[in-house]
Amino acid sequence: MSVYTLTAKEITQKIFNKEPLFILDVRNEHDFKDWKIEGHYFEYLNVPYFDLLDGVEEILEKMPPNKEILVVCAKEGSSIMVADMLSEAGLTVAYLKGGMRAWSEHVEPVKVGDLKGGGEIYQFVRIGKGCLSYMVIANKEAVVIDATRMTDIYVDFSKEIGATITHVFDTHLHADHISGGRSLAEATKATYWLPEKDAKEVEFDYEPLEETVITIGNTDVSIQALYSPGHTIGSTSFIIDKQYLLSGDILFIDSIGRPDLAGMAEDWISDLRETLYKRYKELWDELIVLPAHFMLINELNEDGSVAKTLNKLFAKNHGLNIEDERKFKHLVTDYLPPQPHAYQEIRETNMGKRNPDEEKQREMEIGPNRCAIR
């Protein structure tokens, strides 16, 4: 019948709106099982492209008659060919523009809320990777936290709302994705802050982030850094306007951070437990936790944001309710997920020791978020 395109942004809106979608993924079985587009009401069929070279007749009966069909591949080309074959067989189907590469790089801004001191906070949802970054805005001044390498989204968004980016923070030295913090700071002439304990080997200039407090836009909006080691030795959280807790990769909605991506799991378990069970326990219950990642699609709220109050996490997050320290250590050391793809290369890139080209950066980042322990 016909073929049309769907963009990563359009699919993201389908996820936020909880719309149904049938996905024919023509990548290899291993790639599909490792990482796919997830939605609340998405259905899947994985048939590698090479199995369809002789035609699509054998899968026609598996195509739903009353659902939108999306064909997905790694970079777009194979999905176009399969979509054309399905169209010739009488179906109307879509393919993902740019393939899973585009899905990995799409970032969607979602307003989290207004600030008591005047201003707003936005969460930037990198839906395909589970990465979350933030922009805090007050009186036309903006601060970006945990930026992805796709820095244009922050520059364009700040221009759209008429704000100037003056500070850029990283909660820690990231190992699962390439930070855009340093390049964003250079592009906007903002100050780049990094936890000093994570920056022993970096090969660039930065402002050392300790328990720093800054105000933005000549307002009462404050950003207070809170030392919270455990995922890394320098991991730092931020309390925004006494309303929000940006927890980095220490605490997530349905899980907790892993301490092993620098090869220091045994040494950092006690730090992780102290941060979660002491430092965070001493904070006020109604702080809204905004993590740096999410794992599961059901962690998204109705508006697409990822956020929950600290008291609800202490009530329901399994990782915050293990009283026995030995059991906690067992969880943290014995149930670690696979390490992120190319995580050591990513760490070295974030240290300034590597300078991979754009295509290599895409390759290094491919795959799901693996920062959490459940």
Side-chain angles (χ1 to χ4, degrees), residues 104 107-110 112 121-136 143-151 153-154 167-182 184 192-195 198 209 223-240 244-262 268 271-272 275-276 279-280 287-297 299-301 304-308 310 313 317 319-320 337 339-340 343 346-347 350 365 367-374:
S104 173
V107 181
E108 187 75 17
V110 177
V112 175
I121 182 167
Y122 286 83
Q123 185 178 69
F124 288 72
V125 182
R126 188 177 177 187
I127 189 83
K129 281 286 291 179
C131 297
L132 302 169
S133 50
Y134 297 89
M135 184 180 289
V136 183
V143 174
V144 177
I145 300 166
D146 285 336
T148 70
R149 64 179 172 81
M150 286 73 71
T151 56
I153 183 70
Y154 311 105
H167 296 275
V168 178
F169 294 95
D170 268 325
T171 54
H172 62 287
L173 186 76
H174 295 279
D176 78 307
H177 70 276
I178 296 168
S179 169
R182 182 162 51 106
L184 178 61
Y192 177 54
W193 301 78
L194 185 66
D198 277 359
L209 180 61
I223 299 178
Q224 176 185 346
L226 175 68
Y227 181 52
S228 46
H231 177 63
T232 67
I233 192 61
S235 288
T236 300
S237 307
F238 294 96
I239 298 173
I240 310 294
Y244 298 96
L245 173 64
L246 272 63
S247 56
D249 282 344
I250 283 288
L251 175 62
F252 308 112
I253 300 303
D254 194 42
S255 52
I256 60 175
R258 62 190 295 171
D260 68 308
L261 293 184
W268 291 351
D271 289 327
L272 179 64
T275 290
L276 294 174
R279 286 184 177 89
Y280 279 5
L287 279 174
I288 298 171
V289 176
L290 300 172
H293 285 91
F294 69 93
M295 283 185 65
L296 306 172
I297 204 69
E299 293 176 49
L300 271 64
N301 297 322
S305 68
V306 180
K308 191 166 285 189
L310 188 57
L313 295 189
N317 188 315
L320 295 178
Q339 292 183 326
Y343 80 99
I346 291 172
R347 289 185 74 246
N350 289 336
E365 286 194 332
N369 155 43
R370 291 194 175 115
C371 284
I373 300 168
R374 295 185 72 243

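Looking at E108 and I127, their side chains never come closer than 4.5 Å, going by heavy atoms from C-beta outward. In this structure, the side chains of P291 and V306 come closer than 4.5 Å at one or more pairs of heavy atoms. Considering only heavy atoms from C-beta on, W268 stays 4.5 Å or farther from S235 through its side chain. Side-chain contact between L320 and L251 is present, with at least one heavy-atom pair separated by less than 4.5 Å. You'll find the side chain of L310 stays beyond 4.5 Å of the side chain of S247, heavy atoms only. Within the 4.5 Å cutoff, the side chain of S133 has no heavy atoms near those of the M150 side chain.
Contact record, L173 with N350: CD1-O, 3.6 Å, taken as the closest heavy-atom pair. For V125 against F294, the heavy-atom pair with the smallest separation is CG1-CE2, 4.0 Å. Of all non-hydrogen atoms in L246 and I240, the two that sit nearest each other are CD1-CG1, 3.6 Å. Residues I153 and V107 come closest through the heavy atom pair CD1-O, 3.9 Å. Scanning both residues, L290 and A307, for their nearest heavy atoms gives CD2-CB, 3.4 Å. Contact detail for V144 and A147: the closest heavy-atom pair is CG1-CB, 3.9 Å.
Side-chain contact check for S237 and Y280: at least one donor-acceptor pair (N or O, by modelled atom type) lies under 3.5 Å. One side chain, T171 or D146, offers a donor N or O that lies under 3.5 Å from an acceptor on the other.
One distance of note links NE2 of H293 with NE2 of H177; it measures 5.5 Å at 0.5 Å rounding. With rounding to the nearest 0.5 angstrom, the CD1 atom of I297 is 12.5 Å from the CE atom of M295. Note that CG of L245 and CD of Q224 are 10.5 Å apart. Values are rounded to the nearest 0.5 Å. Atom CG of residue L194 and atom NE2 of residue H174 lie 8.5 Å apart, to the nearest 0.5 angstrom. Note that CG of D254 and CG of N317 are 6.5 Å apart. Values are rounded to the nearest 0.5 Å. Interatomic distance, I250 CD1 to T275 OG1, rounded to the nearest 0.5 Å: 5.0 Å.
Between F124 and Y154, the ring planes are tilted. Angles from 30° to 60° get that label.
Listed for the S228 side chain is a donor-acceptor partner under 3.5 Å among the backbone atoms of L226. For R279 (side chain) and Y227 (main-chain N/O), a donor-acceptor pair under 3.5 Å exists by modelled atom type. Of the possible polar contacts, one joining the K129 side chain to the G367 backbone as a donor-acceptor pair under 3.5 Å is found.
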